[in-house]
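For the numbers below, each heavy atom of this structure counts, side chains included, while hydrogens, waters and symmetry mates do not. Bear in mind the structure is a predicted one, so any value in this text is a computation, not a measurement. In this chain, numbering begins with 1 at the start of the sequence shown.
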Amino acid sequence: MLLMPVNHGGALTKEFFLSYLRLLLTTRAGSIKEAEDLTIDIFFKGNLEMYGLETKLAFEQAMQEATKQDLK
């Protein structure tokens, strides 16, 4: 299981999720889509609003940027 420290006191940033996605792509995921699915399943436990709307938005922005950049 992939673990990264999470600050429960505030919203997570787009940069946090870009780092998280890079880590997944390096260790477990073969594609951006697979990294997205793993993040939703493992990190968010299937609930994108688990950490609040700001964190959900940051994740969505990170996904847009990762897709646009073909993050690896």
Side-chain angles (χ1 to χ4, degrees):
M1 176 179 278
L2 182 64
L3 298 175
M4 282 183 73
V6 176
N7 176 5
H8 292 282
L12 299 171
T13 65
K14 175 181 78 171
E15 288 73 22
F16 172 88
F17 285 111
L18 286 170
S19 294
Y20 190 84
L21 292 166
R22 282 187 189 97
L23 181 60
L24 282 174
L25 286 165
T26 301
T27 60
R28 296 183 65 171
S31 68
I32 296 289
K33 177 63 176 148
E34 189 176 355
E36 177 184 27
D37 292 343
L38 285 168
T39 302
I40 292 169
D41 290 344
I42 296 169
F43 186 86
F44 288 103
K45 296 178 179 63
N47 178 5
L48 280 175
E49 295 182 5
M50 178 176 191
Y51 296 108
L53 293 178
E54 287 181 58
T55 296
K56 175 186 174 186
L57 180 60
F59 172 65
E60 290 170 347
Q61 290 170 342
M63 281 305 306
Q64 288 175 357
E65 187 168 322
T67 302
K68 186 169 76 172
Q69 292 180 3
D70 193 23
L71 190 67
K72 293 182 178 161

Between side-chain atoms of residues 59-68 and protein atoms elsewhere (two or more places apart, or another chain), which donor-acceptor pairs fall under 3.5 Å?
residue : atom : partner : partner atom : Å
E65     : OE1  : K14     : NZ           : 2.8
E65     : OE2  : Q69     : NE2          : 3.0
T67     : OG1  : M63     : O            : 2.8

Please tabulate, for the side chains in residues 32-39, all donor-acceptor contacts under 3.5 angstrom to protein atoms that are two or more places apart in sequence or on a different chain.
residue : atom : partner : partner atom : Å
K33     : NZ   : D37     : OD1          : 3.0
E34     : OE1  : G30     : N            : 2.9
T39     : OG1  : A35     : O            : 2.8

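When the side chains of ILVMFWY residues are joined at heavy-atom separations under 4.5 Å, either directly or via intervening members, L18 and L57 end up in two distinct hydrophobic clusters.
Heavy-atom minimum distance, L12 versus T55: N-OG1, 2.9 Å.
Within the 6.0 Å centre-distance limit, the rings of F44 and F17 are counted as a close aromatic pair.
In this structure, L24 and F43 have side chains that are not in contact, with every pair of non-hydrogen atoms separated by 4.5 Å or more.
Pairs engaging residues 38-50 under the salt bridge (Lys or Arg N to Asp or Glu O under 4.0 Å) rule: E49-K56 [sequence neighbours left out].
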